[in-house]
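Heads up: the structure comes next, in structure tokens.
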Amino acid sequence: MRMICGFLILRKWSEKSHSEQSVDCITPTTSRCCRLQPSRKFWRPEVYDQGFHGLIYDNKTESMRTINLLQRMNIYQEVFLSILYRVLPIQKYIEPVYFYIYTLFGLQAMYVTALYITSWLLSGTWLSGLLAAFWYVTNRIDTTRVEFTIPLRENWALPFFAIQIAAITYFLRPNLQPLSQRLTLLAIFISTFLFSLTWQFNQFMMLMQALVLFILDSLDMLPAVKVTWLYGIQLTGLFLVCILQFFNSMILGSLLISFNLSVLIARKLQKNLKTGSFLNRLGKLLLHLFVVLCLTLFLNNIIKKILNLKSDEHIFKFLKAKFGFGATRDFDANLYLCEEAFGLLPFNTFERLSDTLLFYAYIFVLSITVIAALAVAFRNLSDSTNQQSMYKMGEYRIGLKPETAYNLIHTILFGFLALSTMRMKYLWTSHMCVFASFGLCSPEIWELLLKLIHLYNPKRICIMRYSIPILILLYLCYKFWPGMMDELSELREFYDPDTVELMNWINSKTPRKAVFAGSMQLLAGVKLCTGRTLTNHPHYEDNSLRERTKAVYQIYAKRAPEEVHALLRSFGTDYVILEDSICYERRHRRGCRLRDLLDIANGHMMDGPGKNDPDLKLAGHPRFCEEIKRNLPPYTAYFTRVFQNKTFHVYKLSRNK
């Protein structure tokens, strides 16, 4: 829904001033839903005031509610782009939708550049960055979703995340000059802030990052002062975003804030954490971990109880069920569990990554760096009397630079995240390109390997670190370059005549203030192409909206027509759209179809052959979405069919019942 609101911002603001611009809604076949006819006046302050007021007090998105879009959704980037578009003298040359698309594609170029720089910083050669960029492009099916879903929040956020990782990699280098360190901290702060501002899941990604810092700090593999700076930047950036989003409850109740505060408090309580023998330090570390965990949960629960926050409870229900801490009948949790994107990473992902040699190179580099990291961690825990910093690890036979250690634990933790949840693989696979290319071009990796097999020679290191990446680049060019050129020459067009027919009918046959109910995904398209008010939409981080969605979805459950009518009218619904693809769904297995999830949540037995839990009962009514099509009197008294095609059925609700 955030991407839909982003597309509508220009349209919202233009509607405030019809004398300046006119708005056209074009059918999806042209891939344009909002087309502005620009005026020659680029700067009108009253238009911006009206635009911001319309975003903060929006009563045209959700029926019977006025919401603050800037608080609820991460759309500041679209606000900025809309202002930029109107200020710059480009309106005669480029339409808003293309300005938006080209901006996002430009961000992806910045993303690849950040990966290039990170790999170069780690290995010390530009060849490593070139290989990382090639791997990212040749594995684009698994490294990005921008080519087929452009306005996703992650496509805005991940370029800034990559810049932040590059800046942290440079920041962790030893012996930085004071000016370089300050500029790097500024780059880290800006990229962290922009990453947090553009994606609602920023707190969970930065929590993983905070865990990376916690592990390395506990094992004395990073300078404690620099780790503290990074904790502080995370907190400051998140609090600033919280202010800009009008104290968004999901941010205030985030685990990241509780965890970072707990780590800093626990540090003060355990000042002698890094002294003593190996067993003594190991015991202190376990105690430190226990204190941080308990303090994090305590602070998080206190904050949520004080502020009565429920924004992210569906995520924790999902995680609890996903990792086997008890089955659930919760509709929201099961909705996530049954989506393929939130399942385990498919095995064929590794087949595709192996086809480009990326996975083999990654495992090779990962194995060597893990061995080095274990040796360094053991030495640090054992040698507490001589407080050496990681900057002097070169004096040992096996060493690991701080920036390498950070990227190692980063890729491991995000790897576990990707393996458990396919949706998050894009955070791992892009960094996989960086880490694998760094290792193949790193003199330290080849030195360690050649020493282990007793073939160490400085000339051999030079040969290996340059020849192997060049051979891989030649292989990638030979195998994948022709295919990429063919793809670039293809011209594709959106084709969904049933949806186009529906949107045209809504635009021409229904009042502009009509309220529509239906599935979240479809209603997002209705909002984009018609501007009509909705009962629900895909912003699932709001508890009241989740409850609304479950109530609206009773149109696919076994409920009486008068019950469904009462539920829909309680949200001000004028029209309800039924989809055959949901009512007769076959994409998911039994137990994961939307109608099954509703039956289970309502305590009813599921349709079709198969087992049901013994406490589930037969429903007292047939399935609403099937029975309504028979035009029986109990249904026609409440619902009148006004539109129908092969995919959609639209019914108008009676108001006098």
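For this chain, numbers begin at 1 and follow the sequence in order.
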Is Q234 reaching over with its side chain to a backbone N or O of N260, donor-acceptor style, under 3.5 angstrom?
no
On a heavy-atom basis, the closest approach of L345 and A418 is CB-O, 3.5 Å
T144 side chain to R140 backbone, donor-acceptor under 3.5 Å:
no
Please enumerate all residues that pass side-chain hydrogen bond (donor to acceptor under 3.5 Å, both in side chains) together with T356, with sequence neighbours excluded.
N139
Would you please classify the geometry between the Y336 ring and the F342 ring as parallel, tilted or perpendicular, with 30° and 60° separating the classes?
perpendicular
Could you go through E78 and R153, starting from their C-alpha distance and side-chain angles, then the distance that decides it, and tell me whether this counts as salt bridge (Lys or Arg N to Asp or Glu O under 4.0 Å)?
CA-CA 11 Å; E78 280 88 5; R153 301 299 88 182; 2.7 Å; yes
Ring-ring centroid check F435 F438, cutoff 6.0 Å
yes
Kindly compute the distance separating CG (L158) from CG (L152), expressed to the nearest 0.5 Å.
9.5 Å
Could you walk me through whether L358 and C433 pass the side-chain contact (heavy atoms from CB on, under 4.5 Å) test, one step at a time?
CA-CA 7 Å; L358 172 60; C433 300; 3.8 Å; yes
Distance from R281 atom CZ to L285 atom CG, nearest 0.5 Å?
6.5 Å
With F99, which residues qualify under ring-ring contact (aromatic ring centres under 6.0 Å, His included), at least two apart?
Y85
Provide the full list of salt bridge (Lys or Arg N to Asp or Glu O under 4.0 Å) pairs with a residue in residues 98-123, sequence neighbours left out, each pair given once.
none
Identify, with sequence neighbours excluded, every residue that meets side-chain hydrogen bond (donor to acceptor under 3.5 Å, both in side chains) alongside S262.
T296
Roughly how far, to the nearest 0.5 Å, is OG1 of T192 from CG of L197?
12.5 Å
With a cut-off of 6.0 Å (strictly less than), are more than 12 heavy atoms of other residues, nucleotides or ligands near CD1 of I141?
no
When you check the side-chain N and O atoms of T118 and T169, is any donor under 3.5 Å from an acceptor?
no
Write out all pairs satisfying side chain to side chain donor-acceptor pair (under 3.5 Å) with one or both partners inside residues 457-476, taking only residues at least two apart or from two chains.
Y475-K479
Distance-only, no hydrogens or angles: does the T149 side chain make a donor-acceptor pair with backbone N or O of V146 under 3.5 Å?
no
Please enumerate all residues that pass salt bridge (charged side-chain N to carboxylate O under 4.0 Å, His left out) together with E340, with sequence neighbours excluded.
none
Rounded distance [0.5 Å steps], OG1 in T138 versus CG in D355:
9.5 Å
Determine, step by step, whether L357 and L476 satisfy the side-chain contact (heavy atoms from CB on, under 4.5 Å) criterion, reporting the C-alpha distance in whole Å, the side-chain angles of both residues, the deciding distance to 0.1 Å, and the verdict.
CA-CA 9 Å; L357 305 181; L476 294 176; 5.8 Å; no
Check whether Q203 reaches the backbone of M250 with its side chain - one donor and one acceptor, N or O, closer than 3.5 Å.
yes
N74 to S196 - nearest heavy-atom pair and separation:
ND2-O, 3.8 Å
Salt-bridge contact K226-E403 (side-chain N to carboxylate O under 4.0 Å)
no
Pairs meeting criterion ring pair (Phe, Tyr, Trp, His ring centres under 6.0 Å) with involvement of residues 108-153, two or more places apart
Y111-Y136, Y116-W120
Can you check whether G439's main-chain N or O pairs, donor with acceptor, with S442's side chain at less than 3.5 Å?
no
Classify the ring geometry between H410 and Y406 as parallel (under 30°), tilted (30 to 60°) or perpendicular (over 60°).
tilted
Side chain of T369, backbone of L366: donor and acceptor closer than 3.5 Å?
yes
Take atom CZ in F105; do more than 12 heavy atoms of anything else shown fall under 6.0 Å from it?
yes
T103: which residues meet the side-chain hydrogen bond (donor to acceptor under 3.5 Å, both in side chains) condition with it, sequence neighbours left out?
none
Taking all non-hydrogen atoms of both residues, which atom of C441 and which atom of T125 are closest, and how far apart?
CB-CG2, 3.6 Å
Shortest non-hydrogen contact from L400 toward A372
CD1-CB, 4.2 Å
Report the distance from atom CG of L207 to atom CG of L211, rounding to the nearest 0.5 Å.
5.0 Å
Scan side-chain atoms only and decide if Y100 and E95 contain a donor-acceptor pair under the 3.5 Å cut-off.
no
Distance-minimising heavy-atom pair for N407 and H431:
OD1-NE2, 2.8 Å
Under the rule for salt bridge (charged side-chain N to carboxylate O under 4.0 Å, His left out), what residues qualify as partners of R182, not counting sequence neighbours?
none
Enumerate the salt bridge (Lys or Arg N to Asp or Glu O under 4.0 Å) contacts for residues 404-425, please, sequence neighbours excluded, ordered by first and then second residue.
D142-K425, E154-R423
Assess the side chains of Y76 and W156: does a donor N or O sit below 3.5 Å from an acceptor N or O?
no
Pairwise distance CZ(F171) to CG(L222) - rounded to 0.5 angstrom:
10.0 Å
Can you tell me if OH on Y456 sees more than 12 non-hydrogen neighbours from other groups inside 6.0 Å?
yes
Got a sec, which residues hit salt bridge (charged side-chain N to carboxylate O under 4.0 Å, His left out) with K284, two or more places apart in sequence or on another chain?
none
Distance flag, aromatic centroids of H288 and F214, threshold under 6.0 Å
yes
Count the heavy atoms of every other residue, nucleotide or ligand shown that sit under 6.0 Å from CZ of F350, and state whether that count exceeds 12.
yes
Testing I188, I165, L121 for side chain to side chain contact (heavy atoms under 4.5 Å, CB included) with Y170, which one passes?
L121
Please name all residues satisfying side-chain hydrogen bond (donor to acceptor under 3.5 Å, both in side chains) with E490, sequence neighbours left out, ordered by chain then number.
R492
